[in-house]
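Bear in mind that the values here come from a model prediction, so they are computed numbers and not experimental data.
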Amino acid sequence: GLGIGYNVIDRKNALLVISDGILYEKSDLHNNIESGSYEYETFRNSFRFKFRFLIKDMVTIEGTDFLQHSLSDKKDYIIRSNTNLSVKLLRWLSFTTSLTYNKLNRTGRENLLINFGLTMERYF
């Protein structure tokens, strides 16, 4: 693909980047056993929104989001979102959660995943 990007905010505790460009996609989709595979190709406008915010060195929110529309079919779009939240409990221990959302309108598939856990950081 080819596009442009811009750092809206670029500091130690805050980052916000937006980009927009055109990409070429060639796919072989396997919808189900009855319909078999479906090959297609298209040019897409790909808009990306990337962010990272650090609040008082204790809370980190970061993510990357994509919206990709086909230039030839306005009903064909892809949404991808990945967002993480981390809260520092101790200097080396954090509670971390992530939210992932994907939607491929062409296939009608959509998923939402939520994960959480503890992250231990140890530097040598």
With rounding to the nearest 0.5 angstrom, report the [atom1] to [atom2] distance, [X] to [Y].
X    : Y    : atom1 : atom2 : result
T100 : N115 : OG1   : CG    : 6.5 Å
R122 : R91  : CZ    : CZ    : 8.0 Å
E62  : N82  : CD    : CG    : 9.0 Å
S70  : Y40  : OG    : OH    : 7.5 Å
F49  : L67  : CZ    : CG    : 12.5 Å

Quick one: list whatever passes side-chain hydrogen bond (donor to acceptor under 3.5 Å, both in side chains) with [X], sequence neighbours left out.
X    : result
S19  : R48
T97  : none
N105 : none
S86  : none

Joint hydrophobic cluster, [X] plus [Y], side-chain heavy atoms closer than 4.5 Å:
X    : Y    : result
L99  : I79  : yes
I114 : Y101 : yes
V59  : L89  : no
L23  : I4   : no

Can you list, by chain and residue number, the hydrophobic cluster partners of [X] when the side-chain cut-off is 4.5 Å?
X   : value
F43 : I22, Y24, L71
L15 : V17
L2  : none

side-chain contact (heavy atoms from CB on, under 4.5 Å) partners for L54, two or more places apart: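 With sequence neighbours excluded, L54 shows a side-chain contact (heavy atoms from CB on, under 4.5 Å) to N13, D57, T60, given in chain and number order.
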
Residues forming a side-chain contact (heavy atoms from CB on, under 4.5 Å) with L90, sequence neighbours excluded: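 Applying side-chain contact (heavy atoms from CB on, under 4.5 Å) to L90 gives W92, L93.
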
If every non-hydrogen atom of [X] is compared with every non-hydrogen atom of [Y], which pair is closest and at what distance?
X   : Y   : result
R44 : Q68 : NH1-O, 3.3 Å
I9  : A14 : CG2-O, 3.5 Å
L16 : F51 : CD1-CB, 4.1 Å

Qualifying salt bridge (Lys or Arg N to Asp or Glu O under 4.0 Å) pairs, either residue in residues 8-24, two or more places apart: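 Every pair satisfying salt bridge (Lys or Arg N to Asp or Glu O under 4.0 Å) with a residue in residues 8-24: there are none.
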
S98 and T96: CA distance, side-chain angles, deciding distance, side chain to side chain contact (heavy atoms under 4.5 Å, CB included) verdict: CA-CA 7 Å; S98 68; T96 306; 5.9 Å; no

Residue pair F66 / I78, side-chain heavy-atom distance below 4.5 Å: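 They are not in side-chain contact.
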
Set of residues satisfying ring pair (Phe, Tyr, Trp, His ring centres under 6.0 Å) with respect to Y77, sequence neighbours excluded: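 Y77 satisfies ring pair (Phe, Tyr, Trp, His ring centres under 6.0 Å) with H69 once adjacent residues are dropped.
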
Sequence-distant partners of F53, ring pair (Phe, Tyr, Trp, His ring centres under 6.0 Å), two or more places apart: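 Scan of F53 (ring pair (Phe, Tyr, Trp, His ring centres under 6.0 Å), adjacent residues dropped) gives none.
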
Heavy-atom neighbours of L113 CG exceed 12 at 6.0 Å: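 Correct, the count exceeds 12.
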
Intermediate values then yes/no, side chain to side chain contact (heavy atoms under 4.5 Å, CB included), D73 and T42: CA-CA 9 Å; D73 181 4; T42 188; over 6 Å; no

